[in-house]
Asks: 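Pasting a structure here, questions to come.
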Amino acid sequence: MGNNCPHHLGIPPGKGPNLVGCTDFMMDHTAQGSFFQLYYPCQETQNAEKPDWVPCREYFNGLADFIKINRTVSERIFNHLFGSFKIPAYMDAPFKSDGKCPVVIFSHGLGAFRTLYSAICAELASQGFIVASVEHRYFYAISYPLCVLFPFLLACVTLPRYSQVKQRADECILALNKLTEINSGIPVQNALKTQFDWTTLENSMDLCRIAVMGHSFGGATVIEALCKEVKFKCGVALDTWMFPLQDETFPHIKQPIFFINSEKFQWAGNISRMKKLDSAVIQRKMITIRGTVHQSFPDFTFLTGNWIGKVMKLKGEIDPEIAIDLSNKATLAFLQRHLGLEKNFNQWDPLIDGKDDNLIPGTNVTVLQSAI
């Protein structure tokens, strides 16, 4: 799809020791189904192809509907800007078995879809994780069309946010349950008929080491999922939008949480709700990345030049690769600490406390103690 992309733009590949494969899984076309993109360490394979970053043209239409612009015009613009980019992973490449992999379930932001955080997911997979990036639907959809025509976007204007965040958490838990079945060797039916051999994932996952991660509305989904499912041992919440959450959820969350915020998005009311999760006995950490905007976490930030990126608020003042590298390294250090991993990610422990020239410990936002 689209024209050849400029050589200096593209989604950065994972920096870990493993090549990264990806594949799609759709349980079925019903409202009870699960749909996610799986990232995993893979074997080196000849003639392996990287999948399109935007899976099909209907996603452009969904984005246009979401931001309320003409579909015909927007499809041409989006296709020109983003249509030729590829995910930094090899489609359906064979899984590389090298001990059991910890698991991360990833939740995208409002108006996004499963492929838009491939820089983060590919980095985790390159470091030895199996990552399921869930595609959320909300209550609106009763089935997935074959190309997945944005039922989640259509739902956004009609459903209470509280209902959406609970449904999103359930979808994360459903994806985890499906991975648990796959790990147990239970045969699965994939409605998408990919070339990936799912039986190779039997006994591949360390289901004692599971985390949940997400951005924006996906960050709220992280909080809700931690409340609902104790199998998630910790959560990483990127520039979380706290509004969809109900305060009564907070006391029930017993797992560690790491808030990684942008400098330009957060405000006092949102930060004060994050601080309601502070605990004297459970680690709750927060850092802010200098020079970042809310869209510094999805892949869009790597795919536009400086001028367009800043006009569309897809880029901040910091180099986007430096920003995502800080976020990823801090995340890996936090996951090692709270999943009990035997890796070298603890070399980045200082980042958890904001110890870097491009980090702010806690927040740059002033919050009155009375608001917490």
Side-chain angles (χ1 to χ4, degrees), residues 1-26 35-60 62-63 75 78-98 101 104 106 108 112-135 146-148 175 190-198 200-201 204 213 215 295 297-305 309 314 320-321 324-325 327-328:
M1 298 192 306
N3 304 317
N4 290 330
C5 54
H7 70 277
H8 60 286
L9 297 177
I11 302 165
K15 295 183 176 181
N18 300 293
L19 293 174
V20 177
C22 69
T23 191
D24 283 324
F25 178 84
M26 184 186 287
F35 185 24
F36 54 83
Q37 184 159 69
L38 195 76
Y39 295 79
Y40 52 88
C42 77
Q43 301 173 28
E44 190 167 355
T45 308
Q46 289 187 337
N47 304 320
E49 295 186 355
K50 294 179 178 179
D52 289 331
W53 181 61
V54 179
C56 58
R57 61 184 293 177
E58 283 77 10
Y59 282 86
F60 292 134
L63 288 172
E75 183 179 337
F78 288 143
N79 194 44
H80 176 75
L81 289 175
F82 307 120
S84 59
F85 290 111
K86 302 290 184 179
I87 289 171
Y90 296 103
M91 191 68 186
D92 296 334
F95 173 69
K96 185 178 80 172
S97 179
D98 185 20
C101 300
V104 172
F106 192 94
H108 62 68
F113 39 95
R114 70 192 186 282
T115 63
L116 294 196
Y117 297 83
S118 65
I120 294 171
C121 296
E123 172 61 17
L124 291 173
S126 80
Q127 300 286 359
F129 289 80
I130 288 176
V131 185
S133 182
V134 175
E135 185 138 317
L146 289 179
C147 210
V148 193
N190 186 1
L192 297 179
K193 310 297 182 187
T194 65
Q195 299 301 308
F196 184 70
D197 183 359
W198 291 90
T200 60
L201 293 179
S204 65
M213 184 175 184
H215 172 244
Q295 299 301 330
F297 297 95
D299 296 336
F300 280 115
T301 193
F302 307 110
L303 306 181
T304 53
L314 301 176
E321 291 201 30
I324 207 70
D325 193 50
S327 178
N328 286 338

Asks: According to the interplanar angle, ranging from 0 to 90°, do the rings of W198 and F25 count as parallel (below 30°), tilted (30 to 60°) or perpendicular (above 60°)?
Replies: perpendicular
Asks: Looking only at heavy atoms, which two atoms of Q43 and A93 are closest? And how far apart?
Replies: O-CB, 4.4 Å
Asks: Tell me if a side-chain donor or acceptor on D92 pairs with a main-chain N or O of Q195 at a distance below 3.5 Å.
Replies: yes
Asks: Which pair of non-hydrogen atoms, one from K15 and one from D325, has the smallest distance, and what is that distance?
Replies: NZ-OD1, 3.2 Å
Asks: Within the distance-only criterion (no hydrogens, no angle test), does the side chain of T301 pair as donor or acceptor with the backbone N or O of L314 below 3.5 angstrom?
Replies: yes
Asks: Among L124, T23, V20, V131, which residue meets the side chain to side chain contact (heavy atoms under 4.5 Å, CB included) test with Y40?
Replies: T23
Asks: Would you say S126's side chain and E123's backbone share a donor-acceptor pair under 3.5 angstrom?
Replies: yes
Asks: Go through the steps to decide whether V54 and F78 satisfy the test side-chain contact (heavy atoms from CB on, under 4.5 Å), and finish with yes or no.
Replies: CA-CA 10 Å; V54 179; F78 288 143; over 6 Å; no
Asks: Ignoring hydrogens, what is the shortest heavy-atom contact between Q127 and G16? Give both atom names and the distance.
Replies: NE2-CA, 3.5 Å
Asks: Atom CZ in F106, atom CZ in R114: separation rounded to 0.5 Å?
Replies: 14.5 Å
Asks: Closer than 3.5 angstrom, by distance alone: can the side chain of D197 be matched with the main-chain N or O of P94 as a donor-acceptor pair?
Replies: no
Asks: Indicate the atoms forming the closest heavy-atom contact of A89 with K50, along with that distance.
Replies: O-CG, 3.2 Å
Asks: From F95 CZ over to C101 SG, what is the distance, rounded to the nearest 0.5 angstrom?
Replies: 4.0 Å
Asks: Measure the CE-CZ distance between M213 and F297 for me, rounded to the nearest 0.5 Å.
Replies: 8.5 Å
Asks: Determine the minimum heavy-atom distance between A119 and D299, stating which atoms define it.
Replies: N-OD1, 3.0 Å
Asks: Can you check side-chain contact (heavy atoms from CB on, under 4.5 Å) on E321 and F302, steps first, answer last?
Replies: CA-CA 8 Å; E321 291 201 30; F302 307 110; 4.0 Å; yes
Asks: Give me the ring orientation class for F85 and W53: parallel if the planes are under 30° apart, tilted from 30 to 60°, perpendicular past 60°.
Replies: perpendicular
Asks: For I87 versus C22, what's the shortest heavy-atom pair and its separation?
Replies: CG2-SG, 4.4 Å
Asks: Do the two ring centres, one from F82 and one from F300, sit under 6.0 Å apart?
Replies: yes
Asks: Taking S133's backbone N and O only, do any of them form a donor-acceptor pair with Q37's side chain (distance below 3.5 Å, no angle check)?
Replies: no
Asks: Between L81 and L303, is the side-chain contact (heavy atoms from CB on, under 4.5 Å) condition met? List the steps.
Replies: CA-CA 8 Å; L81 289 175; L303 306 181; over 6 Å; no
Asks: What's the verdict on side-chain contact (heavy atoms from CB on, under 4.5 Å) for M26 and N190, showing C-alpha distance, side-chain angles and the deciding distance?
Replies: CA-CA 5 Å; M26 184 186 287; N190 186 1; 4.3 Å; yes
Asks: Rounded to the nearest 0.5 Å, what separation is found between the CG atom of D24 and the OG1 atom of T115?
Replies: 8.5 Å
Asks: For the atom pair CD1 (I130) and CG (L38), what is the distance rounded to the nearest 0.5 Å?
Replies: 6.5 Å
Asks: Does D52 use its side chain to pair, donor to acceptor, with the backbone of K86 at less than 3.5 Å?
Replies: no
Asks: Roughly how far, to the nearest 0.5 Å, is the CG atom of L116 from the CD atom of E135?
Replies: 8.5 Å
Asks: Can you confirm whether S204 sits close enough to S97 that some side-chain heavy atom of one is under 4.5 Å from a side-chain heavy atom of the other?
Replies: no
